[in-house]
Amino acid sequence: MSAQVDDLMQTPLAKQVREQVLAAKKAARPLARASSDLKNAALVRMAEEIEANRESIQTENERDIQAGRDNGLTAALLDRLALTDDRIAAMADGLRQIAALPDPVGEVTGMSTRPNGLRIGRVRVPLGVIGIIYESRPNVTADAAALCLKSGNATVLRGGSEAIHSNIAIARVLQAAAKEAGLPNGAIEFLGTTDRDAVTALLKHDDLIDVIVPRGGKGLIRYVVETSTIPVIRHEDGICHTYVDTAADMDMAQEIAFNAKVHRPSVCNAMETLLVHSDVANDFLPAMCARFVEAGVELRGC
């Protein structure tokens, strides 16, 4: 590490980050051995507590939204921040859906028998500790924690500064629910600071964290890849497509395309490209484009 990073790692902030990472590392092994029933019970408990604490979460969320307004965030970004009743309900439903999924831990795939009788296969096991760095939407805190928990991994989360109060509120609810369900302390750690040095400190713990997953814009991804001493699972540039084929139900295709763009244009999986087969373009596009224009969508075509 450079002298500058060495100095950073000696600061109180970096020491606090390390304490949280150590807590996650300590929790990783018992969490990897946790039964499916225990993990699922914890996820259901987390869903119940998210619903029970809706008002307090929304109070903290309003602090983030007001700060966003004061800082000039666009309407689209403010929409991504907002935790309405429906979005909190969806967050809880997502936790229950993850609980209902098959447990991936211990699943055997690709088993084969060699001519000498030796059986060779792949067994899915937890990675250990996963660090996740993300931006904007506070519901990612619940999604990321739940997916890691289900797969038997401890996690260290660091959300965007614009959602700091919302993320802290959600993380506290999840941590308390997981503990009440019998999971080890440290299974879910959240870095409750807006100081960017915390990200740098987190990315230097290759002795404790097994993989880093960044989720956000180009700048975040680039910084994580260039700074991390930990293996990184990253996404590249992507443009969300909806494709209408000749065999598609045209009425259904129109509803899907409209929903994909207009329902929540601020989210990262909103449609950006509508690709239509040339054989049905003349029939499909006029009515579809008219609906988009009426909804205020800017169209650029070729």
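All values below come from the heavy atoms of this structure, side chains included, with hydrogens, waters and symmetry mates left out.
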If I take atom [atom1] from residue [X] and atom [atom2] from residue [Y], how far apart are they, to the nearest 0.5 angstrom?
| X | Y | atom1 | atom2 | answer |
| --- | --- | --- | --- | --- |
| Leu73 | Arg80 | CG | CZ | 11.0 Å |
| Gln16 | Glu19 | CD | CD | 5.0 Å |
| Leu31 | Lys26 | CG | NZ | 14.5 Å |
| Asp143 | Leu95 | CG | CG | 7.5 Å |
| Ile164 | Leu191 | CD1 | CG | 9.0 Å |
| Thr242 | Gln254 | OG1 | CD | 13.0 Å |

- Message: Run the salt bridge (Lys or Arg N to Asp or Glu O under 4.0 Å) test on Arg96 and Glu51 for me, step by step, so that the C-alpha distance in whole Å, both residues' side-chain angles and the decisive distance to 0.1 Å come before the verdict.
- Response: CA-CA 12 Å; Arg96 293 189 176 97; Glu51 292 172 331; 2.9 Å; yes
- Message: For Ile88 and Ile57: C-alpha separation, side-chain torsions, deciding distance, then whether side-chain contact (heavy atoms from CB on, under 4.5 Å) applies.
- Response: CA-CA 9 Å; Ile88 289 180; Ile57 291 172; 4.2 Å; yes
Are [X] and [Y] side-chain neighbours, meaning at least one heavy-atom pair lies under 4.5 Å?
| X | Y | value |
| --- | --- | --- |
| Ile50 | Leu174 | yes |
| Val280 | Val276 | yes |
| Leu157 | Ile188 | yes |
| Asp79 | Leu81 | no |
| Gln20 | Val17 | no |
| Cys148 | Ile132 | yes |
| Val213 | Ile133 | no |
| Met91 | Thr141 | no |

Determine, using the 4.5 Å side-chain heavy-atom cutoff (strictly less than), whether [X] and [Y] are members of one ILVMFWY cluster.
| X | Y | value |
| --- | --- | --- |
| Phe258 | Val244 | yes |
| Leu183 | Val129 | no |
| Val44 | Val173 | no |
| Phe190 | Leu208 | no |
| Leu299 | Phe284 | yes |

Distance only, no hydrogens: is a donor on one side chain within 3.5 Å (strictly under) of an acceptor on the other, for [X] and [Y]?
| X | Y | value |
| --- | --- | --- |
| Thr200 | Tyr223 | yes |
| Gln58 | Asp85 | yes |
| Gln66 | Asp70 | yes |
| Ser151 | Asn153 | yes |
| His165 | Asp64 | yes |

Of all heavy-atom pairs between [X] and [Y], which one has the smallest distance, and what is that distance?
| X | Y | answer |
| --- | --- | --- |
| Asn40 | Ala99 | OD1-O, 3.1 Å |
| Gly110 | Arg122 | CA-NH2, 3.9 Å |
| Pro126 | Gly152 | CB-O, 3.3 Å |
| Met9 | His205 | CE-CE1, 3.8 Å |
| Ala27 | Gly186 | CB-C, 3.6 Å |
| Glu135 | Gly216 | OE1-CA, 3.4 Å |

- Task: Test Ile120 against Leu118 for side-chain contact (heavy atoms from CB on, under 4.5 Å), laying out the working first.
- Result: CA-CA 6 Å; Ile120 299 175; Leu118 179 66; 4.1 Å; yes
Check: [Y] main-chain N/O paired with [X] side-chain donor or acceptor under 3.5 Å:
| X | Y | answer |
| --- | --- | --- |
| Thr227 | Val224 | no |
| Arg18 | Leu13 | no |
| Ser228 | Val225 | no |
| Asn53 | Ser56 | no |
| Glu272 | Cys240 | yes |
| Lys25 | Asp207 | no |
| His277 | Asp279 | yes |
| Asn259 | Glu255 | no |

- Worked check of salt bridge (Lys or Arg N to Asp or Glu O under 4.0 Å) between Glu60 and Arg172: CA-CA 12 Å; Glu60 295 303 299; Arg172 284 175 176 167; over 6 Å; no
- Task: Could you check Val211 against Val232 for side-chain contact (heavy atoms from CB on, under 4.5 Å), going step by step and ending with a plain yes or no?
- Result: CA-CA 6 Å; Val211 67; Val232 177; over 6 Å; no
- Task: Determine, for Asp103 against Lys150, whether the closest basic-nitrogen to carboxylate-oxygen distance falls under 4.0 angstrom.
- Result: no
- Item | Ionic contact status for Glu49 with Arg45, cut-off 4.0 Å | yes
- Note on the structure: Only residue of Ile98, Ile130, Thr155 satisfying side-chain contact (heavy atoms from CB on, under 4.5 Å) with Leu147 is Ile98
Within 6.0 Å of [atom1] in [X], more than 12 heavy atoms from elsewhere:
| X | atom1 | result |
| --- | --- | --- |
| Arg69 | CZ | yes |
| Met111 | CE | yes |
| Arg87 | CZ | yes |
| Asn282 | CG | no |

- Query: Taking the six-membered ring of Tyr134, is the NZ or CZ of Arg215 close enough (under 6.0 Å from the centre) and on axis enough (within 45°)?
  - Reply: no
- Item | side-chain hydrogen bond (donor to acceptor under 3.5 Å, both in side chains) between Asn71 and Glu162, worked out | CA-CA 10 Å; Asn71 292 327; Glu162 66 278 6; over 6 Å; no
- Query: What's the verdict on side-chain contact (heavy atoms from CB on, under 4.5 Å) for Met46 and Leu149, showing C-alpha distance, side-chain angles and the deciding distance?
  - Reply: CA-CA 11 Å; Met46 287 157 64; Leu149 190 157; 3.9 Å; yes
